[in-house]
Amino acid sequence: MNYETIPSTGVPIKAWTRGVPVEDVARKQLVETAALPFVWPHVAVMPDVHWGMGATVGSVVPTEGAIVPAAVGVDIGCGMCAVRTPLTSAALGDNAQRIFEAISAAIPHGRTDNGGTNDRGAWSEPPMDVRSAWEMIRDAYDRDVGLDRPRERAPRQLGTLGTGNHFVEVCLDKEDRVWLMLHSGSRGVGNAIGSHYIAAAKKRCESDGIVLPNTDLAWLPEGTPEFDAYVKAVHWAQEYARRNREVMLARAIQVLRGDSDDPAWSWLPDRAVNCHHNYVNRETHFGREVWVTRKGAVSAREGEMGIIPGSMGTRSFIVRGKGNVDSLHSCSHGAGRVMSRSAAKKAITLEQHAADTAGVVCRKDADVLDESPRAYKNVEDVMAAQADLVEIVYELHGVVCVKG
């Protein structure tokens with residue numbers, strides 16, 4: 001048995017947490033989740049586990065006959081994309097700062113104007129590649145989502161990074177090959193969809209007289225109009241998130257490609273790994289169909305490729321799943337926080353951040369201290385704890401990191 005068990009009043013909780021810290025508040029969240037009457041057969045916990053809004057980050061929650069929208073969260077479809085380029089470090093030369101600036105110009109990031117018309121993190125006028133990507137999913141929005149306000153922002157935010165822990169990185173592997181890797185999700189439209197249905201679930205449980213230990217665990221029962229509407233909307237948001245990453249990756253590729261006519265660049269997007277780590281999906285486990293919510297976890301079926309990023313200044317990993325049935329075919333989505341954002345900003349100094357990110361061209365200001373490596377668990381310990389879930393295919397270290 002390669003996992004630990006967390007005492008539970010509901011279904012079992014199987015945790016791949018040997019050698020990594022787990023907060024008491026995260027354990028409490030997990031116990032509350034495991035006690036829900038429709039969770040089956042058990043909750044799987046990844047080594048990057050920590051407390052999260054709505055549900056524990058680093059948890060895999062299979063359910064029958066219901067979905068908890070807050071467990072999926074508001075950053076619906078958030079995930080990673082990465083591709084190995086034809087370049088080596090020699091091609092980068094001393095141009096890391098120029099590449100940082102070029103990627104920053106090619107991909108809107110951050111947030112200003114309270115997300116309004118002058119927001120630097122969105123397009124004032126979406127360019128052709130963004131408009132084309134939007135046209136591919138626009139009709140499905142009207143059919144499957146139908147929320148007016150988020151629709152207005154969705155075209156302007158497609159192909160943009162966002163804030164917080166979202167990033168674009170230029171990395172090197174052990175063979176000195178250059179990689180592009182990025183992290184983002186469904187932006188404001190996913191937030192609006194998630195918030196709408198979290199409120200709907202709370203209203204539904206209240207009207208049904210259901211008393212919850214945590215209102216964020218409110219659910220939508222399968223077979224109800226709200227459930228059907230949520231499933232359509234959340235799947236649309238997950239597709240938006242995937243295309244969002246594809247657009248940004250193509251733009252980052254163009255920055256590195258420059259004027260090169262090497263045909264190797266043309267097929268590069270088709271070789272990319274693109275995986276969600278905040279999402280819900282219909283899957284079969286232990287012979288039964290269930291809804292699987294991965295909140296900060298990646299699908300790791302046998303042979304399936306995934307991405308586990310570290311943090312600025314630490315290693316990241318391209319992995320191949322081992323199909324572990326007890327983990328519900330899952331692995332961690334990153335290193336996992338050991339400090340809240342507010343605690344990190346109080347505890348970590350600018351000098352420490354600069355030392356921990358030495359050799360990486362990235363922001364070194366006070367506004368990113370909550371994303372500094374010290375705010376996260378040791379990614380080496382996280383990888384050791386899940387050795388039976390994935391095998392490491394490539395180890396990457398960042399040389400350029402653009403953050404919102």
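The structure displayed is predicted, hence computed values, not measured ones.
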Novice: Over all heavy atoms of both residues, which pair between Val74 and Gly194 is shortest? Give the atoms and the distance, please.
Specialist: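 Taking Val74 first and Gly194 second, the nearest heavy atoms are CG1-C, 4.1 Å.
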Novice: Do the side chain of His276 and the main chain of Gly77 share a donor and acceptor less than 3.5 angstrom apart?
Specialist: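 Side chain of His276 to backbone of Gly77, a donor-acceptor pair under 3.5 Å: yes, one is there.
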Novice: May I ask you to test the Val400-Cys362 pair for a side-chain heavy-atom distance under 4.5 Å?
Specialist: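 When only atoms from C-beta onward are counted, Cys362 and Val400 do not touch, as no gap falls below 4.5 Å.
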Novice: Return the CD to OG distance between Glu239 and Ser186, rounded to the nearest 0.5 Å.
Specialist: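 Answer rounded to 0.5 Å: 11.5 Å.
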Novice: Take Val402 and His109 through the test side chain to side chain contact (heavy atoms under 4.5 Å, CB included) and record every step on the way to the result.
Specialist: CA-CA 8 Å; Val402 175; His109 54 288; 4.0 Å; yes
Novice: Look at Glu23 together with Arg27 and state whether they make a salt bridge at an N to O cut-off of under 4.0 Å.
Specialist: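 Here Glu23 does not pair with Arg27 in a salt bridge, since their nearest N and O are not under 4.0 Å apart.
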Novice: Can Lys322 and Asp388 be said to form a salt bridge (charged side-chain N to carboxylate O under 4.0 Å, His left out), step by step?
Specialist: CA-CA 7 Å; Lys322 293 185 176 181; Asp388 62 327; over 6 Å; no
Novice: Are any of the side-chain nitrogens in Asp119 or Arg111 under 4.0 Å away from the carboxylate oxygens of its partner?
Specialist: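 Between Arg111 and Asp119 there is no salt bridge, as every charged N stays at least 4.0 Å from the carboxylate O atoms.
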Novice: Please check: side-chain N/O of Ser195 versus main-chain N/O of Asn191, any donor-acceptor pairing under 3.5 Å?
Specialist: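 Flag set: sc Ser195 to bb Asn191 pair under 3.5 Å.
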Novice: Where is the tightest heavy-atom contact between Gly296 and Val57, given as atom of each residue plus distance?
Specialist: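 Shortest heavy-atom separation between Gly296 and Val57 comes out as CA-CG1, 4.2 Å.
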Novice: Which distance, rounded to the nearest 0.5 Å, do you find between the CZ of Arg245 and the CG of Leu158?
Specialist: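 Result: 11.5 Å between the selected atoms.
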Novice: Taking atom types as modelled, find out whether Ser299 and Glu304 have a side-chain donor-acceptor pair closer than 3.5 angstrom.
Specialist: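 Their side chains do contain a donor-acceptor pair, which is all the 3.5 Å distance test asks for.
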Novice: Quick one: CD1 on Ile137 to CZ on Arg242, what's the gap to the nearest 0.5 Å?
Specialist: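 Taking CD1 in Ile137 and CZ in Arg242, the distance rounds to 12.0 Å.
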Novice: When you look at CD of Glu391, are more than 12 heavy atoms from neighbouring residues, nucleotides or ligands closer to it than 6.0 Å?
Specialist: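 Buried by this count: over 12 neighbours within 6.0 Å.
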Novice: Rounded to the nearest 0.5 Å, how far apart are CZ of Arg177 and OG1 of Thr85?
Specialist: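 Spacing of CZ (Arg177) from OG1 (Thr85) equals 6.5 Å.
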Novice: I'd like to check Leu249 versus Leu180 (side-chain heavy atoms, cut-off strictly below 4.5 Å). Are they in contact?
Specialist: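 A side-chain contact under 4.5 Å exists here.
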Novice: Check this for me, if you would: do Asp381 and Arg18 make a salt bridge, where the nitrogen-to-carboxylate-oxygen distance has to be below 4.0 angstrom?
Specialist: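 Salt bridge absent between Asp381 and Arg18.
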Novice: I'd like to know whether CD of Glu64 has more than 12 heavy-atom contacts from other residues, nucleotides or ligands below 6.0 angstrom.
Specialist: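 Above 12, so yes.
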Novice: Compare every heavy atom of Leu389 with every heavy atom of Ser330, then report the nearest pair and how far apart it is.
Specialist: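 Heavy atoms of Ser330 and Leu389 come nearest at O-CD1, 3.4 Å.
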Novice: Val170 versus Ile103: any side-chain heavy-atom pair under 4.5 Å?
Specialist: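 Side chain of Val170 against side chain of Ile103, heavy atoms only: contact under 4.5 Å found.
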Novice: Determine, stepwise, if the pair Asp129 / Val247 fulfils side chain to side chain contact (heavy atoms under 4.5 Å, CB included).
Specialist: CA-CA 7 Å; Asp129 58 326; Val247 172; 4.0 Å; yes
Novice: Is it the case that over 12 heavy atoms from other parts of the model lie below 6.0 angstrom from the CG atom of Asp148?
Specialist: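 Counting other residues, nucleotides and ligands, CG of Asp148 stays at 12 neighbours or fewer.
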Novice: Regarding Trp16 and Asn2, is there a side-chain donor-to-acceptor distance under 3.5 Å anywhere?
Specialist: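 Note: Trp16 and Asn2 side chains miss the donor-acceptor criterion.
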Novice: Is any side-chain heavy atom of Ile253 closer than 4.5 Å to one of Pro269?
Specialist: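 Side-chain contact under 4.5 Å: yes.
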Novice: Quick one: CE on Met339 to NE2 on His50, what's the gap to the nearest 0.5 Å?
Specialist: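 Between atom CE of Met339 and atom NE2 of His50 there are 13.5 Å.
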Novice: My understanding is that only one of Lys14, His285, His42 makes a side-chain hydrogen bond (donor to acceptor under 3.5 Å, both in side chains) with Asp326; could you say which?
Specialist: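 Passing option: Lys14.
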Novice: Can a side-chain donor-acceptor contact be found between Arg204 and Thr224 if the only test is distance below 3.5 angstrom?
Specialist: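 Thr224 vs Arg204: no donor-acceptor pair found between side chains.
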Novice: Does Glu302 reach the main-chain N or O of Gly321 with its side chain, forming a donor-acceptor pair under 3.5 Å?
Specialist: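 Checked: no pair found.
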Novice: Where is the tightest heavy-atom contact between Ser316 and Gly310, given as atom of each residue plus distance?
Specialist: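 That would be OG-N, 3.0 Å.
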Novice: Measure from NZ or CZ of Arg271 to the centre of the six-membered ring of Trp267 and say whether it is under 6.0 Å with the direction within 45° of the ring axis.
Specialist: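 Yes.
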Novice: Please check if the side chain of His353 supplies one atom and the backbone of Arg363 the other of a donor-acceptor pair under 3.5 Å.
Specialist: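 Yes.
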Novice: Verify the neighbour count for atom CG of Asp142: are there more than 12 heavy atoms of other residues, nucleotides or ligands below 6.0 Å?
Specialist: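 Check passes, neighbour count above 12.
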Novice: For the residue pair Val390 and Met383, what are the closest heavy atoms and their distance?
Specialist: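 The answer is CG2-CE, 4.3 Å.
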Novice: Val43 vs Val60, test: side chain to side chain contact (heavy atoms under 4.5 Å, CB included). Steps then yes/no.
Specialist: CA-CA 6 Å; Val43 173; Val60 184; over 6 Å; no
Novice: How long is the straight-line distance from CD1 of Ile107 back to CG of Asn244, given to the nearest 0.5 Å?
Specialist: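 Answer for the CG-CD1 pair, Asn244 versus Ile107, is 9.5 Å.
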Novice: Using side-chain heavy atoms (C-beta onward) and a distance below 4.5 Å, is Val360 in contact with Val399?
Specialist: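 No, side chains not in contact.
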Novice: Could you tell me whether Arg131 and Glu135 make a salt bridge, using a distance below 4.0 angstrom between a side-chain N and a carboxylate O?
Specialist: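 No, no charged N to carboxylate O under 4.0 Å.
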Novice: Heavy-atom distance under 4.5 Å between the side chains of Tyr376 and Val338, does that happen here?
Specialist: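 When only atoms from C-beta onward are counted, Val338 and Tyr376 do not touch, as no gap falls below 4.5 Å.
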Novice: Assess whether a salt bridge exists between Arg84 and Glu175, defined as any Lys/Arg side-chain N lying under 4.0 Å from an Asp/Glu carboxylate O.
Specialist: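 Result for this pair is yes, salt bridge flagged.
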Novice: Any side-chain donor-acceptor pair under 3.5 Å between Arg301 and His329?
Specialist: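 A pair is found: one side chain offers a donor N or O, the other an acceptor, under 3.5 Å apart.
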Novice: With the threshold set at 4.0 Å, does a side-chain nitrogen-carboxylate oxygen contact exist between Arg341 and Glu371?
Specialist: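 Salt bridge present between Arg341 and Glu371.
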Novice: Would you say the side-chain atoms of Gln254 pair up with the backbone N or O of Gly258, donor to acceptor, closer than 3.5 Å?
Specialist: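 Pair found, side chain donor or acceptor close to backbone of Gly258.
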Novice: Do Glu169 side-chain atoms and Trp179 backbone N/O form a donor-acceptor pair below 3.5 Å?
Specialist: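 Here the side-chain-to-backbone pair does not exist.
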Novice: Can you see which heavy atom on Leu220 is nearest to which on Ala201, and at what distance?
Specialist: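 In terms of heavy atoms, the two residues are closest at CD2-CA, 3.6 Å.
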Novice: Measure the shortest side-chain to side-chain distance between Met248 and Ser184 over non-hydrogen atoms and say whether it is less than 4.5 angstrom.
Specialist: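 Side chain of Met248 against side chain of Ser184, heavy atoms only: contact under 4.5 Å found.
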Novice: Could you walk me through whether Val234 and Tyr279 satisfy the side chain to side chain contact (heavy atoms under 4.5 Å, CB included) test, starting with their C-alpha distance in whole Å, then the side-chain angles of each, then the deciding distance to 0.1 Å, before giving a yes or no?
Specialist: CA-CA 8 Å; Val234 79; Tyr279 71 111; over 6 Å; no
Novice: Determine whether the side chains of Asn278 and Asp75 contain a donor N or O and an acceptor N or O closer than 3.5 Å.
Specialist: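 Absent: no donor and acceptor within the cut-off.
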Novice: Between Ser8 (side chain only) and Val11 (backbone N and O only), is there a donor and an acceptor less than 3.5 Å apart?
Specialist: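 Judged by distance alone, yes, a pair lies under 3.5 Å.
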Novice: Is a salt bridge present between Lys377 and Asp48, judged by a nitrogen-to-oxygen distance below 4.0 Å?
Specialist: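 Between Asp48 and Lys377 there is no salt bridge, as every charged N stays at least 4.0 Å from the carboxylate O atoms.
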Novice: Using atom types as modelled and distance alone, determine if a side-chain donor or acceptor of Tyr230 lies under 3.5 Å from a backbone N or O of Ile198.
Specialist: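 Answer holds: no.
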Novice: For the residue pair Asn378 / Glu380, report whether a side-chain donor-acceptor contact shorter than 3.5 Å exists.
Specialist: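 No, Asn378 and Glu380 have no side-chain donor paired with an acceptor closer than 3.5 Å.
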Novice: Is any side-chain heavy atom of Val393 less than 4.5 Å from a side-chain heavy atom of Met305?
Specialist: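 Answer yes - side chains close enough.
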Novice: Take atom NZ of Lys364 as the centre, draw a 6.0 Å sphere, and report whether it contains more than 12 heavy atoms from other residues, nucleotides or ligands.
Specialist: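 Buried by this count: over 12 neighbours within 6.0 Å.
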Novice: When you measure from the side chain of Thr63 to the backbone N and O of Ala66, does any donor-acceptor pair fall under 3.5 Å?
Specialist: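 Between the backbone of Ala66 and the side chain of Thr63 there is a qualifying donor-acceptor contact (under 3.5 Å).
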Novice: Would you say the side-chain atoms of Arg337 pair up with the backbone N or O of Asp370, donor to acceptor, closer than 3.5 Å?
Specialist: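 Yes; judged by distance alone, with no hydrogens or angles, the pair exists.
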Novice: Hey, which of Trp219, Trp291, Phe38, Tyr197 is the one that makes ring pair (Phe, Tyr, Trp, His ring centres under 6.0 Å) with Phe227?
Specialist: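 Testing each of Trp219, Trp291, Phe38, Tyr197 against Phe227, the sole residue satisfying ring pair (Phe, Tyr, Trp, His ring centres under 6.0 Å) is Trp291.
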Novice: Answer yes if the side chains of Thr160 and Arg187 hold a donor-acceptor pair under 3.5 Å, and no otherwise.
Specialist: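 Checked: Thr160/Arg187 side chains pair up, N/O donor to acceptor below 3.5 Å.
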